[in-house]
Amino acid sequence: MIDFNRPAFTGKEFEYIRGAVERGMLCGDGIYTKKCSAWMEERFHVGHVMLTTSCTHALEMAAFLADIQPGDEVIMPSYTFVSTADAFVLRGARIVFVDIRPDTMNIDEKLIEQAITDKTRAIVPVHYAGVACEMDTIMEIAGRHDLKVVEDAAQGVDAYYKGKALGTIGDFGCYSFHETKNYTMGEGGAILFNGEQYLEKAEILREKGTDRSKFFRGQVDKYRWMDYGSSYLPSELNAAYLYAQLEQHKKISDKRMQIYDFYNENLRFLAEEGKIQQPYVPEECTHNAHMYYIKVHDIQVRTRLLKYLREKDICSVFHYVPLHSAPAGKKFGRFSGEDVYTTKESERLMRLPMFYNLSMEDAKRVVDAIASFDGF
């Protein structure tokens with residue numbers, strides 16, 4: 001069976017995990033946590049990076065730091081993972097879903113302004129497949145309406161918009177290092193921000209509501225309960241695994257891009273015949289080969305093709321069920337305007353196997369299987 005995903009492994013992960021064990025510090029904010037944060041701060045040119053236990057928790061921190069209150073409204077696409085909405089629902093917000101662009105599967109920036117009310121407090125663009133949303137327009141709208149922008153860049157680590165790293169453009173950015181992502185720590189994430197005014201509050205929030213970070217820096221003689229907080233700090237074991245991957249980021253990125261380009265080149269003939277659509281990357285965007293997807297005619301064709309690939313021992317999957325159609329989506333949110341593309345496009349999309357250790361021979365098997373399918 002060709003798996004859909006396998007977590008990346010580059011070779012030094014065990015060495016670094018062993019190093020963490022031998023140092024005798026397995027809780028967070030040790031040497032590897034700090035190395036990972038420093039690496040991202042330098043590479044992505046951002047003021048602060050804090051590792052978290054998940055991208056979900058990074059989003060929760062962002063919602064808190066953005067001061068989202070009960071009754072506030074937050075704008076986002078419906079085509080996203082549940083965590084994007086959950087983080088704000090936990091703060092008592094009401095979610096306002098906006099339709100997506102059919103070309104990138106990202107929020108349609110032209111529809112955001114009409115969704116804004118006097119209760120709107122934030123916009124949450126989701127960079128689907130590591131392809132950036134139209135951030136200049138989104139930031140301009142946010143600026144005029146005094147709204148926070150929280151980038152859900154779970155899939156966007158080391159992807160760029162006009163040369164700027166995704167996750168560094170809005171007020172807050174949130175990364176995922178889940179095992180399905182380009183760089184992994186098993187379960188994990190990070191929150192990014194530049195605003196110095198958020199730093200102390202973020203440290204307190206991440207350290208269970210205490211000023212423990214100040215204590216370890218010698219700024220206070222004891223640490224105390226200062227405010228609301230939770231346990232958002234990941235283990236050094238996770239950070240050690242991640243740092244081994246960040247050191248090899250180019251090797252991982254190059255291999256994923258090789259697979260992406262192979263799929264793109266060798267499936268183009270099906271696109272030219274009108275049987276599939278391939279991913280679209282706007283000129284101003286630099287993607288990170290997080291995934292390769294194709295779109296077929298409709299959900300019936302997709303169901304047949306997924307089944308056909310399974311029979312050939314290839315695991316391909318569809319992606320999100322739009323949140324506004326789910327029970328919780330109806331309870332905690334509403335759709336602004338008409339759902340022209342969100343449902344229709346989500347039902348056509350399917351993701352092909354994509355991971356660092358996927359052999360090119362197996363990538364060819366995937367292409368050959370799709371090419372042999374006669375049910376388009």
Side-chain angles (χ1 to χ4, degrees), residues 6-44 46-62 64-65 83 153-154 157-158 167 172-193 198-220 222-226 229-252 356-357:
R6 288 183 189 171
F9 182 84
T10 62
K12 284 197 171 181
E13 288 84 351
F14 289 157
E15 177 185 335
Y16 289 174
I17 289 170
R18 182 182 181 87
V21 173
E22 290 175 346
R23 283 184 178 87
M25 181 180 178
L26 300 185
C27 63
D29 262 352
I31 184 174
Y32 289 112
T33 304
K34 290 170 182 170
K35 280 177 178 287
C36 289
S37 297
W39 188 94
M40 286 184 272
E41 287 169 2
E42 180 179 358
R43 180 166 179 81
F44 303 138
V46 64
H48 302 287
V49 175
M50 294 183 175
L51 287 191
T52 59
T53 38
S54 65
C55 186
T56 304
H57 281 166
L59 286 161
E60 288 180 16
M61 286 184 66
F64 183 84
L65 295 170
S83 296
V157 180
D158 208 25
F172 306 98
C174 301
Y175 285 165
S176 174
F177 298 111
H178 185 265
E179 71 165 35
T180 57
K181 301 304 188 289
N182 296 29
Y183 315 102
T184 181
M185 54 197 289
E187 293 277 0
I191 182 169
L192 297 75
F193 56 91
Y198 301 118
L199 179 57
E200 183 173 351
K201 193 173 184 179
E203 286 185 338
I204 289 170
L205 175 62
R206 184 167 167 259
E207 280 281 16
K208 309 165 190 68
T210 73
D211 56 357
R212 188 168 179 257
S213 295
K214 279 187 171 182
F215 173 71
F216 283 133
R217 289 195 296 265
Q219 294 172 285
V220 294
K222 56 182 174 295
Y223 66 87
R224 301 163 296 164
W225 184 20
M226 304 298 291
S230 190
S231 187
Y232 293 129
L233 188 60
S235 161
E236 271 292 280
L237 297 177
N238 298 69
Y241 194 101
L242 176 61
Y243 188 63
Q245 306 232 313
L246 296 181
E247 282 191 321
Q248 297 295 323
H249 74 281
K250 188 177 186 305
K251 186 177 179 182
I252 294 172
Y356 169 66
N357 299 109

Partners meeting side-chain hydrogen bond (donor to acceptor under 3.5 Å, both in side chains) with [X] (sequence neighbours left out):
X     : value
Lys35 : none
Ser37 : none
Ser54 : none
Glu15 : none

Pairing residues for Lys222 by the salt bridge (Lys or Arg N to Asp or Glu O under 4.0 Å) criterion, not counting sequence neighbours: none
Can you list everything that forms a salt bridge (Lys or Arg N to Asp or Glu O under 4.0 Å) with Glu60? Sequence neighbours excluded, please. none
Can you pull out every side chain to side chain donor-acceptor pair (under 3.5 Å) where at least one residue sits in residues 233-243? Sequence neighbours excluded, please. Thr33-Glu236
Test of understanding: with side-chain contact (heavy atoms from CB on, under 4.5 Å), list the residues that count as partners of [X], not counting sequence neighbours.
X      : answer
Asn182 : Arg256, Asn288, His290
Phe14  : Phe9
Ala153 : His127, Leu166, Tyr175
Ala58  : Thr52, Cys174, Ile191

State whether the side chain of Thr184 and the backbone N or O of Phe177 hold a donor-acceptor pair below 3.5 Å, judged by distance alone. yes
Positive for side-chain contact (heavy atoms from CB on, under 4.5 Å) with Met40, one of Leu51, Asp158, Val46: Leu51
Residues 176-190 vs salt bridge (Lys or Arg N to Asp or Glu O under 4.0 Å), sequence neighbours excluded, gives none
Could you please spell out the steps behind the side-chain contact (heavy atoms from CB on, under 4.5 Å) verdict for Tyr356 and Gln248? CA-CA 11 Å; Tyr356 169 66; Gln248 297 295 323; over 6 Å; no
